[in-house]
Amino acid sequence: MNIVFCATVMASLFCSDPPQYTVSEKVDLVEINHYSDSRGNGVLDQAIYYQWSVEHGRFQVVDYKLLKSTAQEPVRDSSGDYFSVWHDGHVLRIVQAHSCEQTWTQFDPEHREREKLPHELRQGLAEVPRPASKQQR
């Protein structure tokens, strides 16, 4: 059984506030980065999503998300791809990546990438409409 299907069903069954939308998308690479200060104290854990840019001949950051739990980390399925499934506000977000790597750094690679591709020029993960308030329904 497909991991994405299982995750979607489980989230729907066990959530007290089930998501109103499910967003599924693909990236070429996801980096799980563990950023620490010079003393080795953890600063943050993040998933950085990349797409290959033929024009620039390198992976470029699409978006990033802070990891609030290890449950957000990608899991490899039988196809060899990696899937991350988590609640992103009112959205059940599913991201499929062809490759995954883990890094431990004393700098923030997502922030460093802003020198090459400013944050405001990034593609970003899919945006979804805000849910209508109960009064508008």
Quick one: side chains of residues 26-34, donor-acceptor pairs under 3.5 Å with protein atoms, not counting sequence neighbours, listed by atom name and distance.
{"residue": "Asp28", "atom": "OD2", "partner": "Trp52", "partner atom": "N", "Å": "2.7"}
{"residue": "Glu31", "atom": "OE1", "partner": "Tyr50", "partner atom": "OH", "Å": "2.6"}
{"residue": "Glu31", "atom": "OE2", "partner": "Thr103", "partner atom": "OG1", "Å": "2.6"}
{"residue": "Asn33", "atom": "OD1", "partner": "Gln46", "partner atom": "NE2", "Å": "3.1"}
{"residue": "Asn33", "atom": "ND2", "partner": "Thr103", "partner atom": "OG1", "Å": "2.9"}
{"residue": "Asn33", "atom": "ND2", "partner": "Thr105", "partner atom": "OG1", "Å": "3.0"}
{"residue": "His34", "atom": "ND1", "partner": "Asp45", "partner atom": "OD1", "Å": "2.7"}
{"residue": "His34", "atom": "NE2", "partner": "Gln102", "partner atom": "OE1", "Å": "2.7"}

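Residues satisfying the salt bridge (charged side-chain N to carboxylate O under 4.0 Å, His left out) criterion with Arg112, sequence neighbours excluded, are absent altogether. In this structure, the side-chain contact (heavy atoms from CB on, under 4.5 Å) partners of Val43, at least two apart in sequence or on a different chain, are Tyr35, Asp37.
Ring geometry for Tyr64 against His119 counts as perpendicular: the plane angle is over 60°, on a 0 to 90° scale with 30° as the lower cut.
Other residues sharing the hydrophobic cluster of Trp104, ordered by chain and number and joined by side-chain separations under 4.5 Å: none, the residue standing alone. Hydrophobic cluster of Phe107: no remaining members, since no ILVMFWY side chain lies below 4.5 Å from it.
Follow the hydrophobic side-chain contacts under 4.5 Å out from Tyr49 and you reach Leu67 in the same cluster. In the hydrophobic clustering of ILVMFWY residues, with side-chain heavy atoms under 4.5 Å counting as a link, Leu121 and Val62 come out apart. Phe59 is connected to Val61 through a chain of hydrophobic side-chain contacts under 4.5 Å among Ile, Leu, Val, Met, Phe, Trp and Tyr, so both are in one cluster. Each of Ile48 and Tyr82 belongs to its own hydrophobic cluster when Ile, Leu, Val, Met, Phe, Trp and Tyr are linked at side-chain heavy-atom distances under 4.5 angstrom.
Side-chain contact between Asp81 and His98 is present, with at least one heavy-atom pair separated by less than 4.5 Å. Residues Leu66 and Leu44 are in side-chain contact: their nearest non-hydrogen atoms beyond the backbone lie under 4.5 Å apart.
In this structure, OG on Ser53 lies 12.0 Å from NZ on Lys116, to the nearest 0.5 angstrom. If you take CD on Glu120 and CZ on Arg114, they are separated by 9.0 Å, rounding to the nearest 0.5 Å.
Looking at Arg93, its side chain never comes within 3.5 Å of a backbone N or O of Ser84 through a donor-acceptor pair.
The local environment of NE2 in His111 is sparse, with at most 12 non-hydrogen atoms from other residues, nucleotides or ligands closer than 6.0 Å.
Closest non-hydrogen pair, Glu25 versus Val23, comes out as OE2-CG1, 3.6 Å.
For residues 59-73, the set of pairs meeting the salt bridge (charged side-chain N to carboxylate O under 4.0 Å, His left out) definition, not counting sequence neighbours, comprises Lys65-Asp88.
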